[in-house]
Amino acid sequence: MVSSFCWSCLTRLRQTPRTILPIPAAPRVATFHSSAVLAKNPLQKKKSTGGDTGPKYRETRSAKIKKKRPTERARPPPVGERKALRKRIVLSNPNALEVGGLQELSAENMVDSRLRGSVLALPVPMISQLRAVEAFKPKQGWSIFRRPGTVTRRETVELGRAFDNISSEDSEEKGAVIKRIVTGSRQSGKSVHLLQATAMAFTKKWVVFAVPEAQDVVRAIYDYAPLSEKEPNVYVQNAATAALLNRTATANKEVLSELKVSQEHPGLAAIEPGMTLEDLAKAGVRDPANAWPIFQALWAELTATSAASGLEADFAPRPPILVTVDSLGYWMQNSAYRSANHELIHAHDLVFVRHFLDLLKPGKGKPTLPNGGALLYATSASNNPSIYALDVALKQAAARHAGVDPSAPEFPVPEAFSYPDSRVLEALNSTKPTAAKEGMLEVQEIGGVTRDEARGFFEYFARSGLLREVINDTWVNEKWTLSGGGLIGELEKVGRRVRVAAA
């Protein structure tokens, strides 16, 4: 189809001005984009990768390595300082008030029942003896008072009377032997009870053998070796025995220096006739290789009732003996030592442990302590292994002491398929002794103090300036209940909190 317009007509049309032509729109930008296209940064000029043009003005290009600054580290403490700090014992607080009229522990007031609930100070000359046998514990509250002292409770008076009867010449119980295992809950004061017994023994001029921590003997910190070729399965610890002799010689110096050797000891060249028992104990300290034979010689001297032939001039009556062992549970399991076959050694195979455990059994024909004394072994509730055999053995020992026949149905026996350690049951299987003055093994459970004893304990805190409260029956009953029925450790936590009344 031919258009009705001709080319000449089209050429006569007027041209439209440029200003009214539509302006091309700017490039659209997506609404979801994070940057605008027009606002984009210009490209950076690429650095030339050609040849080295040389350093610029005052510019060096030598290889430099930045050295790290050495970090300043504190010098580690010397060997043994941390242990010494952990076991440090402070027995005096100069900021505490001096308690007027404070009585000291003596042979007279240790049996006085009227002093129950009062605090008795430890004599100053005795503190060095108690330190020597390590009777003080680091976590006990000795550092909050002006001077160390202990509260007199019912168990303290009973023990003091028993010690007095053993030492008294007019008593029927002179030369008797007490065998006791002290148990109780945590913070009940078992270790302090052993300390009180040690202080009473020093007051009565007894000889004290103390094992402050039973776990130190079995946790493989001392050297050990077979006892002899005839007994290769029994092991001796010379260093542990030498440490025991050192504690004994230092704490009992006054008594041992007055006693002389009166028995024959063949095979020990270190023992000379006429030497004192103090020198005998120190000989084992100087020569640890012979510590165990010397300890046996010292024990034979202290348990002798008469002198050997030809040594009657040097013989003097021997005093009673007190043996204390804390944390007894560690001796009722395998030790950390190993045999030649790399098998764990039972604690009862250590001759050190076996000696003190055999003392709990009745003596053969004569008491284990012929001159009298006491065996006080305590368990621990805060740091003690869980041993089922020991729990059963303690229940059986308490039942035997109460007169229950082992064949009776009410006698405690292990549960079925519990498989307790038979050696532990046998170690505490103490039958009725044949000696008249040797006591049977008993189990004493120490609990909380009475309300009257707790009140006297708090009054001592108040007199020392540590407690600012009105101490009456209502307040004491409240604190006694909150402390679990008068646990002495919990009462101490209450008394050491200083309270200042608001103005």
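Between the CD atom of Glu134 and the OG1 atom of Thr324 there is a distance of 10.5 Å, given to the nearest 0.5 Å. Note that the CG atom of Asn290 and the OG1 atom of Thr241 stand 11.5 Å from one another [nearest 0.5 Å]. Remark: Gln444 CD to Thr183 OG1 distance equals 8.0 Å, nearest 0.5 Å. Here the straight-line distance linking atom CE of Met200 with atom CZ of Phe163 works out to 7.0 Å at 0.5 Å rounding. We find the CD-CD distance between Glu254 and Gln129 to be 7.0 Å, quoted to the nearest 0.5 Å. Interatomic distance, Thr250 OG1 to Leu245 CG, rounded to the nearest 0.5 Å: 10.5 Å.
In plain terms, the two heavy atoms of Ala291 and Asn238 that are nearest each other are CB-O, 3.6 Å. The minimum heavy-atom distance linking Ala176 with Ile166 is given by the pair O-CD1, 3.7 Å. Nearest heavy atoms, Val392 versus Val413: CG1-C, 4.4 Å. In terms of heavy atoms, Val494 sits closest to Leu467 at O-CD1, 4.5 Å. For the pair Pro362 and Thr368, the tightest heavy-atom approach, listed with the atom from each and the gap, is C-CG2, 4.2 Å. In this structure, Ala389 and Leu425 approach most closely via the heavy-atom pair O-CD2, 3.6 Å.
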Report task. Go through the steps to decide whether Leu357 and Leu328 satisfy the test side-chain contact (heavy atoms from CB on, under 4.5 Å), and finish with yes or no. Result -> CA-CA 10 Å; Leu357 290 181; Leu328 179 64; 4.2 Å; yes
Requested in this report: Would you please test Asp112 and Arg114 for salt bridge (Lys or Arg N to Asp or Glu O under 4.0 Å) and show each step?
Outcome: CA-CA 5 Å; Asp112 192 356; Arg114 295 173 297 179; 3.1 Å; yes
Query raised in the report: Leu350 and Trp331: side-chain contact (heavy atoms from CB on, under 4.5 Å), yes or no, with the steps?
Result: CA-CA 10 Å; Leu350 302 175; Trp331 287 1; over 6 Å; no
Query raised in the report: What do the steps show when you test Asp473 against Arg455 for side-chain contact (heavy atoms from CB on, under 4.5 Å), and what is the final call?
Result: CA-CA 8 Å; Asp473 293 341; Arg455 179 163 186 166; 2.4 Å; yes
Report task. In sequence, state the C-alpha distance, the side-chain angles, and the governing distance for Met110 and Leu105, and then conclude on side-chain contact (heavy atoms from CB on, under 4.5 Å). Result -> CA-CA 6 Å; Met110 60 185 283; Leu105 179 66; 3.9 Å; yes
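Ion pairing between a basic and an acidic side chain is recognised when a charged N comes within 4.0 Å of a carboxylate O; Arg423 and Asp349 show such pairing. A salt bridge does not link Glu459 to Arg463: none of the charged side-chain nitrogens sits closer than 4.0 Å to a carboxylate oxygen. For the pair Glu438 and Lys179, the salt-bridge criterion is met [side-chain N within less than 4.0 Å of a carboxylate O]. Between Asp326 and Lys190 no salt bridge is recorded (no basic side-chain N to carboxylate O distance below 4.0 Å). Salt-bridge check for Lys137 with Glu213: passed, with a basic side-chain N closer than 4.0 Å to an acidic carboxylate O. Taking 4.0 Å as the cut-off between side-chain N and carboxylate O, Glu173 and Arg161 do not count as a salt-bridged pair.
For Glu264, the CD atom counts as loosely surrounded, since its 6.0 Å shell holds 12 or fewer non-hydrogen atoms of other residues, nucleotides or ligands. Within 6.0 Å of CD in Glu410 there are more than 12 heavy atoms belonging to other residues, nucleotides or ligands. A 6.0 Å sphere centred on NZ of Lys395 holds no more than 12 heavy atoms belonging to other residues, nucleotides or ligands. Heavy atoms from other residues, nucleotides or ligands lying under 6.0 Å from CD of Glu312 number more than 12. When the shell of 6.0 Å around CZ of Arg338 is examined, it contains more than 12 heavy atoms from other residues, nucleotides or ligands. When the shell of 6.0 Å around NZ of Lys174 is examined, it contains more than 12 heavy atoms from other residues, nucleotides or ligands.
Between Asp421 and His346, some side-chain heavy-atom pair lies under the 4.5 Å cut-off. The closest side-chain heavy-atom distance from Ser128 to Arg131 is not below 4.5 Å. In this structure the side chain of Pro319 never reaches within 4.5 angstrom of the side chain of Asn371, judged on heavy atoms. Two residues are said to be in side-chain contact when any heavy atoms from C-beta on lie closer than 4.5 Å; Thr305 and Phe315 fail this criterion. With contacts defined as side-chain heavy-atom distances shorter than 4.5 Å, the pair Glu155/Gln196 does not qualify. In this structure the side chain of Ser191 reaches within 4.5 angstrom of the side chain of Gln140, judged on heavy atoms. Counting heavy atoms from C-beta outward, Ser380 and Tyr330 have side chains that stay 4.5 Å or more apart. The shortest side-chain heavy-atom distance between Asn252 and Phe202 falls under the 4.5 Å cut-off.
Distance alone, capped at 3.5 Å, places no donor-acceptor pair between the Ser171 side chain and the Ser168 backbone. The main-chain N or O of Asp279 is found under 3.5 Å from a side-chain atom of Thr276 such that the two form a donor-acceptor pair. Using a distance-only test at 3.5 Å, with no hydrogens or angles considered, no donor-acceptor pair links the side chain of Asn341 to the main chain of Glu343. A side-chain donor-acceptor contact under 3.5 Å links Arg147 to the backbone of Leu122. At distances below 3.5 Å, at least one donor-acceptor pair connects side-chain atoms of Tyr337 with backbone N or O atoms of Tyr222. Between the side chain of Asn109 and the main chain of Glu104, a donor-acceptor pair closer than 3.5 Å is present. Proximity of a side-chain donor or acceptor of Thr248 to a complementary backbone N or O of Phe209 within less than 3.5 Å is not detected. Checked by atom type and distance alone, the side chain of Tyr377 never pairs as donor or acceptor with a backbone atom of Leu360 at under 3.5 Å. Using a distance-only test at 3.5 Å, with no hydrogens or angles considered, no donor-acceptor pair links the side chain of Arg247 to the main chain of Ala132.
Between Phe458 and Phe461, the two ring planes are tilted [angle within 30° to 60°]. Note on ring orientation: taking the six-membered ring where Trp is involved, the planes of His355 and Phe295 are perpendicular (angle over 60°, cut-offs 30° and 60°).
A donor-acceptor contact closer than 3.5 angstrom links the side chains of His265 and Glu301.
Every residue two or more places apart in sequence or in another chain was checked for a side-chain contact (heavy atoms from CB on, under 4.5 Å) with Glu258, and none qualifies. Every residue meeting the ring-ring contact (aromatic ring centres under 6.0 Å, His included) condition with Phe352, not counting sequence neighbours, appears here in chain and number order: Phe356.
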